[in-house]
Amino acid sequence: MANVHERFMRMAMEEACRGTAEGNVAVGSVVVHGEDVVARGRNLVVTESDPTAHAETVALRNAGAAVGHTDFSGFTLYTTFEPCPMCCGAILASGVSTLVLGARYRQVSSQWGGYAVEKLLELTGRGGQLHVVTDVLPEQCLDLRRLEAS
């Protein structure tokens with residue numbers, strides 16, 4: 001399973017690189033159903049002048065357009081960086097079953113204090129709704145954020 005997770009995370013990393021090249025924050029996401037990539041997304045906040053255009057929300061919007069519905073039960077969302085509280089809410093609202101993430105906030109910033117996806121799930125009582133897989137290529141994902149800052 002690790003190889004599958006790494007394969008899709010590398011696709012998300014490609015999206016993060018595209019976003020950075022466009023002047024956005026280096027975060028990329030991929031929505032997968034089974035072995036099929038349904039949609040991709042990258043942070044577009046700056047280029048779209050849209051504070052909600054985070055990689056995860058863009059990927060979810062693109063997935064909805066691709067499959068014609070918004071129930072993503074059984075889908076997996078890969079993201080290079082831990083989803084913020086807004087994105088985590090969108091992930092929960094969409095019914096995504098599995099979240100696979102690379103780097104975490106605590107590795108680069110204290111922007112959200114002690115925030116972690118797992119803490120939000122616990123706080124909302126929805127821990128059983130979303131399976132979280134962590135540490136998939138975390139250093140490579142973190143390097144993307146470091147490159148963005150330089």
Side-chain angles (χ1 to χ4, degrees), residues 5-6 8-33 37-67 69-149:
H5 287 326
E6 288 180 8
F8 291 123
M9 186 61 74
R10 288 184 196 287
M11 290 179 192
M13 291 169 65
E14 290 171 6
E15 288 300 311
C17 289
R18 286 185 183 106
T20 301
E22 297 167 347
N24 297 289
V25 173
V27 180
S29 297
V30 177
V31 177
V32 175
H33 189 250
V37 174
V38 174
R40 294 172 177 243
R42 62 186 173 277
N43 186 296
L44 298 173
V45 169
V46 173
T47 54
E48 298 290 324
S49 299
D50 179 355
T52 69
H54 292 195
E56 298 87 353
T57 58
V58 171
L60 291 171
R61 288 176 193 144
N62 292 341
V67 298
H69 59 79
T70 58
D71 178 7
F72 300 130
S73 303
F75 288 60
T76 300
L77 188 142
Y78 290 82
T79 189
T80 59
F81 203 72
E82 185 169 25
C84 73
M86 174 190 72
C87 291
C88 196
I91 292 164
L92 288 171
S94 74
V96 164
S97 298
T98 304
L99 171 65
V100 181
L101 53 102
R104 288 194 181 259
Y105 278 103
R106 66 177 174 252
Q107 293 173 291
V108 296
S109 167
S110 59
Q111 174 183 4
W112 295 104
Y115 169 79
V117 168
E118 294 87 349
K119 287 183 180 180
L120 184 66
L121 293 174
E122 181 182 326
L123 179 68
T124 59
R126 297 174 82 176
Q129 181 180 334
L130 181 66
H131 176 66
V132 180
V133 178
T134 61
D135 297 323
V136 176
L137 303 176
E139 286 303 314
Q140 293 90 327
C141 292
L142 193 55
D143 285 345
L144 294 172
R145 293 298 299 265
R146 289 181 183 132
L147 287 173
E148 159 201 313

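Heavy atoms only: backbone and side chains are in, while hydrogens, waters and symmetry mates are out.
The distance from atom CG of Leu144 to atom CD of Glu139, rounded to the nearest 0.5 Å, is 11.5 Å. Summarising the geometry, atom CZ belonging to Phe8 is positioned 10.0 Å from atom CZ belonging to Arg40; distances are rounded to the nearest 0.5 Å. Here the NZ-SG distance, from Lys119 to Cys88, works out to 13.5 Å after rounding to the nearest 0.5 Å. Interatomic distance, Cys141 SG to Arg10 CZ, rounded to the nearest 0.5 Å: 9.0 Å.
Shortest non-hydrogen contact noted between Leu77 and Val96 is N-CG1, 3.9 Å. Residues Gly28 and Ala16 come closest through the heavy atom pair N-CB, 3.5 Å. Of all the heavy atoms in Asn62 and Gly41, the pair that sits closest is ND2-CA, 4.5 Å. Across every non-hydrogen atom of Met9 and Gly102, the tightest pair is CE-N, 3.5 Å. Of all heavy-atom pairs between Val45 and Asn43, the closest is N-OD1, 3.1 Å. For Pro138 against Ala103, the heavy-atom pair with the smallest separation is O-CB, 4.0 Å.
When the side-chain hydrogen bond (donor to acceptor under 3.5 Å, both in side chains) test is applied to Ser49, no partner is found at least two apart in sequence or on another chain. Judged as a side-chain contact (heavy atoms from CB on, under 4.5 Å), and not counting sequence neighbours, the contacts of Cys87 are His54, Glu56, Thr57, Pro83, Cys84. Here Phe72 pairs with Phe75 under the ring pair (Phe, Tyr, Trp, His ring centres under 6.0 Å) rule; sequence neighbours left out. Applying the salt bridge (Lys or Arg N to Asp or Glu O under 4.0 Å) rule to Glu48 yields no partners; only residues at least two apart in sequence or on another chain are considered. Every residue two or more places apart in sequence or in another chain that forms a side-chain hydrogen bond (donor to acceptor under 3.5 Å, both in side chains) with Gln129 is listed here: Arg126. The side-chain hydrogen bond (donor to acceptor under 3.5 Å, both in side chains) check on Arg61 picks up Thr52, with sequence neighbours excluded. In this structure, the side-chain contact (heavy atoms from CB on, under 4.5 Å) partners of Val46, at least two apart in sequence or on a different chain, are Asn24. With sequence neighbours excluded, the residues that form a side-chain contact (heavy atoms from CB on, under 4.5 Å) with Ala59 are Ser29, Val31.
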What's the verdict on side-chain contact (heavy atoms from CB on, under 4.5 Å) for Leu92 and Leu121, showing C-alpha distance, side-chain angles and the deciding distance?
CA-CA 9 Å; Leu92 288 171; Leu121 293 174; 3.6 Å; yes
Given Val132 and Leu101, is the side-chain contact (heavy atoms from CB on, under 4.5 Å) satisfied, shown in steps?
CA-CA 8 Å; Val132 180; Leu101 53 102; 4.1 Å; yes
Using side-chain contact (heavy atoms from CB on, under 4.5 Å), reason through Val100 and Thr79 one step at a time and then give a plain yes or no.
CA-CA 6 Å; Val100 181; Thr79 189; over 6 Å; no
Test Tyr78 against Met11 for side-chain contact (heavy atoms from CB on, under 4.5 Å), laying out the working first.
CA-CA 9 Å; Tyr78 290 82; Met11 290 179 192; over 6 Å; no
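Using a 4.5 Å heavy-atom cutoff, the side chains of Val133 and Thr76 are not in contact.
Applying the salt bridge (Lys or Arg N to Asp or Glu O under 4.0 Å) test to pairs two or more places apart or on separate chains, those with a residue in residues 18-33 are Glu15-Arg18, Glu22-Arg42.
The backbone N or O of Leu137 sits nowhere less than 3.5 Å from a side-chain atom of Glu6 that would complete a donor-acceptor pair. Looking only at distances, no side-chain donor or acceptor of Thr80 sits under 3.5 Å from a matching main-chain atom of Ala12.
Arg145 forms a cation-pi arrangement with Phe81, by the criterion of a distance under 6.0 Å to the ring centre and an angle within 45° of the ring axis.
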